[in-house]
Structures are given as structure tokens and as C-alpha cells.
S.K.: 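For reference, the structure I am asking about is given below.
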Amino acid sequence: MNDPKCSTVQKTCAPGQRLPTLSYAPKRAAIKAMKKVRSFGSFDDLKVPDLNDLVSEFGDGSSDVQRNNTNYERTSDDGSLSDGDTGSTGGGYVQDVSPFDRILLSAWEDRFAAGLFRYDVTACKTKVVPGPFGFVAQFNEGRATKKRPTEFSVDSVCQDYDGSKFNFTKADKSEILFTFRDAREKSRVFDEVTSDNNGAFESARSTPSDNVTPSGSTFDANRVVVDDGVSPTVILINVSPIEYGHVLLCPRVLEGLPQLVSPALLLPPLMMAAESRNPYFRVGYNSLGAYATINHLHFQAYYLMEAFPIERAPTGKLPQSVFPSKRRRDGIKVCEVLEYPVRCLCFERGDGFESLAMIVGTACQRLQDKNVPFNLLIADHGARVFLIPQRFSQRVAAGEVPEDVVATGVNPAVFEISGHLLYKTQEDYETCSQSTAERMLRCASLTETDFYETVARALDDEGIAPLPSDGHSRSTLQTVFSGKLPSIRGSVDGACFETRSAMDAAMSKVRGDVTPNGVTSGPGSSVSSGDDALDAVAPCG
């Protein structure tokens, strides 16, 4: 990292270079036993997590201490890094409940002190908007004026990676916090272990071995990047932050992966969420057309010390004709989110993260194939994932969003659509209300008919294959499900309020023989081909 010739991520992450590395290896038995949580209660009963209780739960101080390069860590019963100390960073603003949180926040604050961010996010005004939803509003003028502009068209979810445009290999090396590595892979574990005088374990170096099983998550401040055919997954600062601790997770950063999700590529963000013991840490994803601004695979994460409204919304079963209720062998629960302005799904983890990545990743691939923009929010330490298909940019392009809504400049990317609203002017920030926030978010939501048809296709479990080992080639992505799906209809009348029984009957027909109608279109739309379905959409009101 100190080599003056290595000034970019491209060079810094090359084999032979040394990088701080967090290697995660949670024990499978503990993952199965990990309690599913709903950290923030409901709209009726706002529950605020007690971080001291979480420290007691996850790190009782009775487990082994692992040391590597003079970094001392406590490991909890599940093998992930856990800390018995509830010391805080940022003047008590965010508690570092686990060593993952402490390592991330300490490195983030170092970059903050070095002036690497485009503005001081800690100076941005934030408030909770009065009302049952509890929307969180922020006045962030810097993100509006200093954020890097989008360099690609927004009319297609699937676009080829273009190395000539900005991508994260061109970021400065100083923006790297550490690499995030799966130590469960047999070829990548610590193999030379010696005992020190205190009975702790020290890894002398990292080399391939097929005989050593990793005993838990570890941190190495100076690990050599190995040439094993897979480039490092890195965690970078977001130089245009939304909140404290805002970072980017870039899986296999040197491989030129476009902004597309697959089951294999969902595992790193799920494990990242699990490594944090702070329920205020969430991970998000924006597809192209749903306000991703860089076509190079990345996830975002930060600490917001408030509940996201979407986390507190009630959930319920989907109609039988959309997703038949049955006990899944993997224990995953799939529900629709109710009483929230944007129609979306909630997946609750069952027996492990691999099965969760499989069902969510496959659903995302099907949305990508049908050019449906979407967002993902990973919450509750990876126990819950919200999948949010949306039509906002499509409707803006078609002139169907009221001018006053567009004028606020609030773009419903993952955190905004989940209830953390970024306003770009002081006036809009001061006058925001629950009703104006709801009105804006409803303009992003699929209609009821569109939503259920989209969900039925995304969740059809025919042809779901085991988790692929390589998730970045389009040919691999397309083999996860069988056959080409019929086109999904675009939005129809925004005032559509069919009864559930009528919807069940309609969906019974949809799940049978469907004649492709083409995908909704419009000039500059996020969907590039189709019919005149958008002409029937009523303006958001």
C-alpha cells in the first residue's frame, strides 16, 4: 500500500501486493442457529435495539482470542469477529459492536481525517419526519452538486461493462479500507499457525492449503494478494457519502463485472451484513435503471442510527396463485411487504446464507432478463432481504410523475426507497412531510397487477439450480433457470384496486400459457422495447 507506483485500485489489488484483509469464516452450525431478528419492531411499536444487549449476546468474552499482525480480536461462538467492548467511535455516534465494525469505522475515520471525502456528511442536517412511517429526511447539498455524474444510459438494466468509463479500478488506493475474503475456501486459509506465550494464535503467513479448516473470522493488516484466478473483493469509502461509515463493497473488483446480481455474487454482501453486529448497519444495491450511477458491480452500506420505515412495515403471505404457500426445505420465508408505499418482497433467511443467496439472486436475474429495475436492502445482520422492483425513472421519462415531485430531485435509489430521503435544497428539506414522501414513493411502485405478475415469474421455482461457483458470465447466469421467460407487462392503470380473489383468478391464467406482450417502453425509458402500455398509466397523485 506504500508503493508510490501503486496509485490505483487496479495496481494495488494485483497479485503480490499487500492489503489489509478481513477473512470471514462463520461456522455453519452457528449460522443455522443464528436467531432471525426484527430489530425495529413495527409502525405501532417502534423498538430501538439495545447495542449493549447485542454485545452480551454475540460476544460474552469466553471464546478464543485470535491475533494476527498485533491485531487482537475476540471470536464469538459462530466464529465471526466479536468484541466484548462497547466502546464507540465518532463521539458516540456509532457503536462498534463487533471488530468488523471497529475495523471499518476506524479506517473510514482515518480517510475522513485525511480529507478524502467531497464534503462533510456529519454536518448534514437530518430529522425524522412526523408520522407513523417515521421517514428519515436529510439535507445533503453536497451529494447533489459534487457526486460523480452517470456515464451510461438508464434505459437498460443489463449493459456491458465499459472499462474506458469510470470504474472502481480507477479509484485511488487510499480509498481502499480492506479486502473481504471468504476463508472457507480450501485453497485460501491460514496454514502456518504457531502458539504464542499467551495461548493465542498467530498466523505466520497466508498460503494455499487443503488440510486446514479456518476456525473463525480473522483480520490480517498486511496480507499478500494471492494469484488464484479470483481477484480480491474490496471495501472502499464512498467519496460522496450519504451517512456515517458509508462504504462500497466491490466483489472481484478487477474482473470487470457489470452491475448485475447473481446468486454467487450476493454472498459477499450477505456475509458483510452478518459480520456487523450493529443492527443500524445495512447493505444496499441499485440496479441500472434504479439509480445505480456506475456500471461496475458494487453494493453500498452505511450506519443510519434510525429505523428504515421499510424495516418496520408488516409483512404477509403472497396470493397462492403468485407464490404457493409451502414449507420450504431451506426454511426461507417469502412475504410481501404491506402498508408501505412501494410494493416489494421480504425474504427471511432459513438454514443458511447460500440458500438465501440462491432464491434472491435467481429472482434478481429474472428481473434483469426482463429489464425490470430493482433495489435490494439487506438488514438484520443478513437475516432479511428486501427486493424492491420499481418504475420511477421510467415514469419520469414518460412525463407521468408530477413536476413538483420531480423538482425535489429525490431519486429513489435503495436507501431513499427504503425511507431515508435525501433532499437537495433547504426548502424541500424543511417542508417535507409524510404525505409528500408517500406521494413520491408511490410513483416508484409497480401497480398491483404488474407487481404480482412480476413476482410470479421471479419466484417460479422451476429450474432453480444449485449455487453456481462462478457468477459473472452471462452464460452462467442464464443457466440458473430453464427457458426464456415471457415478457412481463408494464404498468397499467395506477388506480387499479382488484380484490385478492379476482387477482388469484387472473394469476391462475398468467401462470399458464402467457403470450409475450413485450416490455413497457417510452422515450428514454428504463425499459427499451415494448408496446404502448405506459400510455394507460395514470399520473401519480
Side-chain angles (χ1 to χ4, degrees), residues 22-40 49 51 54 57-59 75-82 96-101 103-104 180-184 216-217 233 235 245 247-249 251 261-285 298-304 307-308 310-311 315 328 330-335 337 344-364 375-388 414-415 418 467 471:
L22 193 152
S23 302
Y24 59 91
K27 298 175 183 177
R28 182 160 183 81
I31 288 179
K32 285 187 175 182
M34 186 184 289
K35 181 171 59 178
K36 290 191 280 288
V37 295
R38 189 183 176 98
S39 299
F40 297 96
L51 299 187
L54 289 170
E57 175 184 348
F58 289 120
T75 20
S76 65
D77 293 337
D78 67 354
S80 62
L81 293 172
S82 184
D96 44 1
V97 181
S98 74
F100 168 87
D101 299 300
I103 292 164
L104 186 151
F180 193 61
R181 167 182 166 272
D182 190 347
R184 297 170 299 175
S217 301
T233 291
I235 294 179
V247 295
L248 304 169
L249 175 74
V261 170
S262 72
L265 294 172
L266 264 183
L267 276 176
L270 287 171
M271 299 309 298
M272 181 187 189
E275 282 294 311
S276 173
R277 294 309 188 205
N278 191 323
Y280 296 106
F281 181 77
R282 291 83 157 194
V283 182
Y285 173 85
H298 64 286
F299 297 81
Q300 305 195 45
Y302 61 68
Y303 298 83
L304 176 66
F308 275 93
I310 199 171
E311 295 176 294
T315 57
R328 296 180 57 91
D330 53 27
I332 293 173
K333 290 176 62 178
V334 184
C335 302
V337 176
C344 55
L345 296 175
C346 178
F347 298 81
E348 190 170 315
R349 191 183 61 78
D351 63 9
F353 290 114
E354 284 78 6
S355 56
L356 181 60
M358 188 68 246
I359 186 171
V360 178
T362 300
C364 291
N375 309 100
L376 290 171
L377 182 73
I378 302 173
D380 294 319
H381 318 296
R384 292 201 299 163
V385 179
F386 296 87
L387 172 57
I388 314 162
V414 57
F415 298 120
S418 300
L467 187 68

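Predicted model, so just to flag it, every value in this text is computed and none were measured.
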S.K.: How long is the span from the CD atom in E311 to the CZ atom in R38, to the nearest 0.5 Å?
M.R.: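 It is 9.0 Å, given to the nearest 0.5 Å.
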
S.K.: Kindly write out the residues that satisfy side chain to side chain contact (heavy atoms under 4.5 Å, CB included) with A301, not counting sequence neighbours, or none if the list is empty.
M.R.: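 Partners of A301 by the side chain to side chain contact (heavy atoms under 4.5 Å, CB included) criterion, ordered by chain and then number, come out as V247, M272, F281, V283.
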
S.K.: If every non-hydrogen atom of F308 is compared with every non-hydrogen atom of F415, which pair is closest and at what distance?
M.R.: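 For F308 versus F415, the nearest heavy atoms are CE2-O, 3.6 Å.
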
S.K.: Any heavy-atom pair between the side chains of M358 and D330 that's under 4.5 Å?
M.R.: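 Result no, sub-4.5 Å side-chain heavy-atom pair not found.
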
S.K.: Taking C-beta and beyond as the side chain, do I388 and I310 meet within less than 4.5 Å on heavy atoms?
M.R.: yes

S.K.: Give the minimum heavy-atom separation between L266 and G361, together with the two atoms involved.
M.R.: CD1-N, 3.5 Å

S.K.: Which heavy-atom pair separates S217 from E275 by the least distance, and what is that distance?
M.R.: OG-OE2, 3.1 Å

S.K.: Give the minimum heavy-atom separation between L356 and G382, together with the two atoms involved.
M.R.: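 Reported closest heavy-atom pair: CD2-O, 3.5 Å.
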
S.K.: Taking side chain to side chain donor-acceptor pair (under 3.5 Å) as the definition, give me every residue that meets it alongside S276, ordered by chain and number, with sequence neighbours left out.
M.R.: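 By the side chain to side chain donor-acceptor pair (under 3.5 Å) rule, S276 matches D101.
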
S.K.: Check whether any side-chain heavy atom of Y285 lies under 4.5 Å from a side-chain heavy atom of V414, and answer yes or no.
M.R.: no

S.K.: What closest approach, in Å, do L265 and P251 show between heavy atoms, and which atom pair accounts for it?
M.R.: CD2-CB, 4.3 Å

S.K.: Does L345 form a side chain to side chain contact (heavy atoms under 4.5 Å, CB included) with V360? I'd like the steps, not just the answer.
M.R.: CA-CA 10 Å; L345 296 175; V360 178; over 6 Å; no

S.K.: Taking all non-hydrogen atoms of both residues, which atom of L249 and which atom of P268 are closest, and how far apart?
M.R.: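 Nearest heavy atoms, L249 then P268: CD2-C, 3.7 Å.
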
S.K.: L270 and R349: side chain to side chain contact (heavy atoms under 4.5 Å, CB included), yes or no, with the steps?
M.R.: CA-CA 10 Å; L270 287 171; R349 191 183 61 78; over 6 Å; no

S.K.: Return yes if some donor-acceptor pair links the side-chain N/O of D380 with the main-chain N/O of S39 below 3.5 Å, else return no.
M.R.: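 At least one qualifying donor-acceptor pair exists.
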
S.K.: Roughly how far, to the nearest 0.5 Å, is SG of C344 from CG of L376?
M.R.: 11.0 Å

S.K.: F347: what forms a ring pair (Phe, Tyr, Trp, His ring centres under 6.0 Å) with it, not counting sequence neighbours?
M.R.: none

S.K.: Distance check, rounded to the nearest 0.5 Å: R282 atom CZ versus S418 atom OG?
M.R.: 9.5 Å

S.K.: Supply the atom-to-atom distance L104 CG to L22 CG, rounded to the nearest 0.5 angstrom.
M.R.: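 That separation rounds to 9.5 Å.
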
S.K.: List for me each residue that meets side chain to side chain contact (heavy atoms under 4.5 Å, CB included) alongside C346, sequence neighbours excluded, and say none if there are none.
M.R.: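 Residues passing side chain to side chain contact (heavy atoms under 4.5 Å, CB included) with C346: T315, V337, R384, F386.
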
S.K.: Which value, rounded to the nearest 0.5 Å, describes the distance between M271 atom CE and I378 atom CD1?
M.R.: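 One finds 11.5 Å between CE of M271 and CD1 of I378.
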
S.K.: Strictly under 6.0 Å, is that where the ring centroids of F100 and Y24 end up?
M.R.: no

